[in-house]
Amino acid sequence: MMDLDEQFFEDLDFWKTSPVGEPSQVMVPPMHVDKLKEALEELQIEFGVHIDNLQPLIDEETRAITSREEATTLASFNYNVYHSAQGILNWVTDFRKAESSSSLNIKEINVGTTVQGRQIKALKISTGSGRRAAYTQGGIHAREWVSPATVINLIKKFVAAFKSGDSVATQFFKKFDWYVIPLFNVDGYHYTRPESSYRDRMWRKNRQSSSSQCTGIDMNRNYGFKWGGSGSSSNPCSETYRGEYAYQARELRLVKDWLLNLKKSQTFMIHVDVHSYSQYWVYPYSYTYSQYDRTRDHYDLGRVAEAATNALTAVHGKRYTVKTSGDWYPAAGASEDFGYEILGAKYSYTVEMRDTGHYGFELPENQIKPCGEETYAGFREMFRQVLKEV
């Protein structure tokens, strides 16, 4: 399939790539549909049309968004709908003001500004100083709307759990500072939204100009560990364009510098990048099919991931599978390898949330609440397991 992508000028948009023997999903531009069908038949690769036309789903989503007013206060913020980029940034400030207390300090951090001048906002949630560190990010891929929506729900749920005396949340914030960026790729996310003058709902990359006529870098192929290898593209028009060099993406460089500066005084144990979709809990390494360092932490990485996915699956019965990224498909320059090798977080994961492909990136808003509930259960169990070591 990757070879075919080259034949079609890297115009194929792989929504889901799976191990051999499991189905993958690809969005195909209209001008390539007939030729791709012919090529698949010639190669004797089974296929079927999953969504004949994506546009009606996008139109329906757009109507729902444009028919309601954006929240102006924390009290009016609906956690079960998709918000604009500015709405998410406003929520960060409003939540910090409303929920920070003497027992749980919530600090807003401006990590920097995007290519188009928007803020990259983070929250630091802690009960003191000098703790170990955990980091979570959402929305590095613009079209994965359920990612920032879920990260917002995770923050809300863990803060509420701490205030209600939940044992895991209490111990976690006693031992860890939690740094969270709900919306990493602010420009790209805005570009997918109805608020944007020029809109592409399926846009993935950031909005950084390059020497090519094409725009954007896939920031989850632009990290510095094993940058430039398998699963990334040197073609600036590709969805997986890795950039001309590691950390070329402005937003990624800012976040990397911020995290590595924090690392000078804190030990990171947890790094989680929240994505959609496929219902996988993925751990390093991502840059190759076959390179695993079994002499270090991989047993613990797999064990904690299994515990987290079991807890997650138990909530609504949605089955999540644990995979090493290289077993799944190579993706050199990806976040979980950075978290593990460069940030030094023993427990570094990519979480691919709902669904398995029925809606894909067009996940309806009625899925936000259950997705948040089960992901919270998975995170809570992950935190519980890691707390055993500190």
Chemist: Are the side chain of S348 and the backbone N or O of A345 linked by a donor-acceptor pair below 3.5 Å?
Modeler: no
Chemist: Which distance, rounded to the nearest 0.5 Å, do you find between the OG of S212 and the OH of Y241?
Modeler: 7.5 Å
Chemist: With no hydrogens and no angle check, do the side chains of S286 and D337 hold a donor and an acceptor under 3.5 Å apart?
Modeler: yes
Chemist: In this structure, is the centre-to-centre distance between the rings of F158 and Y376 below 6.0 Å?
Modeler: yes
Chemist: I'd like to check H190 versus Q86 (side-chain heavy atoms, cut-off strictly below 4.5 Å). Are they in contact?
Modeler: no
Chemist: Could you list all the side chain to side chain donor-acceptor pair (under 3.5 Å) pairs where at least one residue sits in residues 29-52, not counting sequence neighbours?
Modeler: D11-H32
Chemist: Cation-pi between K323 and Y280: NZ/CZ under 6.0 Å from ring centre and within 45° of the ring axis?
Modeler: yes
Chemist: Between H141 and W203 (side chain of the first, backbone of the second, donor and acceptor by atom type, cut-off under 3.5 Å), is there such a pair?
Modeler: no
Chemist: Strictly by ring pair (Phe, Tyr, Trp, His ring centres under 6.0 Å), give each pair with a member in residues 108-135 just once, sequence neighbours left out.
Modeler: Y135-H271
Chemist: Which residues pass the ring pair (Phe, Tyr, Trp, His ring centres under 6.0 Å) test with Y349, sequence neighbours left out?
Modeler: W281
Chemist: Which heavy atom in V168 sits nearest to a heavy atom in L387, and how many Å separate them?
Modeler: O-CD1, 3.8 Å
Chemist: Would you say the side-chain atoms of T356 and K318 include a donor-acceptor pair closer than 3.5 Å?
Modeler: no
Chemist: Just list the side-chain donor-acceptor pairs under 3.5 Å for residues 169-177, sequence neighbours left out, or say none.
Modeler:
from : atom 1 : to   : atom 2 : distance (Å)
T170 : OG1    : D166 : O      : 2.7
D177 : OD2    : Q266 : NE2    : 2.8

Chemist: For residues 142-188, which residue pairs qualify under disulfide (SG to SG under 2.5 Å), counting only residues two or more places apart or in two chains?
Modeler: none
Chemist: Any donor-acceptor pair under 3.5 Å linking the side chain of N222 with the backbone of Y247?
Modeler: yes
Chemist: Looking at R199 and E61, is there a salt bridge between them, counting it only when a charged N and a carboxylate O are closer than 4.0 Å?
Modeler: yes
Chemist: Hydrophobic clustering (ILVMFWY, side-chain heavy atoms < 4.5 Å, transitive) - are F14 and I217 grouped together?
Modeler: no
Chemist: Quick one about S335 and N220 (side-chain donor to acceptor, distance below 3.5 Å, no hydrogens or angles considered), yes or no?
Modeler: yes
Chemist: Would you confirm whether T313, through its side chain, and G317, through its main-chain N or O, come within 3.5 Å as a donor-acceptor pair?
Modeler: no
Chemist: Who are the side chain to side chain donor-acceptor pair (under 3.5 Å) partners of Y191, not counting sequence neighbours?
Modeler: none
Chemist: Look up atom CD1 in I368 and atom CG in L363, then write down how far apart they are to the nearest 0.5 Å.
Modeler: 7.5 Å
Chemist: Tell me, which pairs form a salt bridge (Lys or Arg N to Asp or Glu O under 4.0 Å) where one or both residues lie in residues 342-362, sequence neighbours left out?
Modeler: R201-E362, D300-K346, K346-E389, R354-E374
Chemist: With a 6.0 Å cut-off on ring centres, are Y287 and Y285 close enough?
Modeler: yes
Chemist: Between Q208 and N206, do the side chains contain a donor N or O and an acceptor N or O under 3.5 Å apart?
Modeler: yes
Chemist: Does any N or O in the side chain of R131 come within less than 3.5 Å of the main-chain N or O of S129, such that one atom is a donor and the other an acceptor?
Modeler: yes
Chemist: Work out which heavy atom in R118 is nearest to a heavy atom in V186; give both atom names and the distance.
Modeler: CD-CG1, 3.7 Å
Chemist: R221 side chain to G231 main-chain N or O, any donor-acceptor pair under 3.5 Å?
Modeler: yes
Chemist: Quick test of your reading: applying disulfide (SG to SG under 2.5 Å), list the pairs with at least one residue in residues 118-225, sequence neighbours left out, ordered by first then second residue.
Modeler: C214-C237
Chemist: Regarding D59 and Q55, is there a side-chain donor-to-acceptor distance under 3.5 Å anywhere?
Modeler: yes
Chemist: In terms of relative ring orientation, are Y283 and H298 parallel, tilted or perpendicular, with 30° and 60° separating the classes?
Modeler: tilted
Chemist: Give every residue pair that meets the salt bridge (Lys or Arg N to Asp or Glu O under 4.0 Å) criterion with at least one member in residues 237-263, sequence neighbours excluded.
Modeler: none
Chemist: Relative to each other, are the rings of W145 and Y82 parallel, tilted or perpendicular (30° and 60° limits)?
Modeler: perpendicular
Chemist: Quick one: do the E70 and S84 side chains pair a donor with an acceptor below 3.5 Å?
Modeler: yes
Chemist: Describe, in one word, how the ring planes of W178 and F379 are oriented to each other, choosing from parallel (under 30°), tilted (30 to 60°) and perpendicular (over 60°).
Modeler: tilted
Chemist: Between M202 and L54, is any pair of side-chain heavy atoms under 4.5 Å apart?
Modeler: yes
Chemist: Applying disulfide (SG to SG under 2.5 Å), which residue pairs with at least one partner in residues 87-170 are found, sequence neighbours left out?
Modeler: none
Chemist: After noting the C-alpha distance and the side-chain angles of K226 and E341, does the key distance pass the salt bridge (charged side-chain N to carboxylate O under 4.0 Å, His left out) rule?
Modeler: CA-CA 10 Å; K226 302 294 183 181; E341 285 288 348; over 6 Å; no
Chemist: Quick one: which residue pairs count as a ring pair (Phe, Tyr, Trp, His ring centres under 6.0 Å) with a foot in residues 352-375, not counting sequence neighbours?
Modeler: W15-F361, Y277-F361
Chemist: If you look only at pairs with a residue in residues 137-155, which of them pass as a salt bridge (Lys or Arg N to Asp or Glu O under 4.0 Å), with sequence neighbours excluded?
Modeler: D13-R143
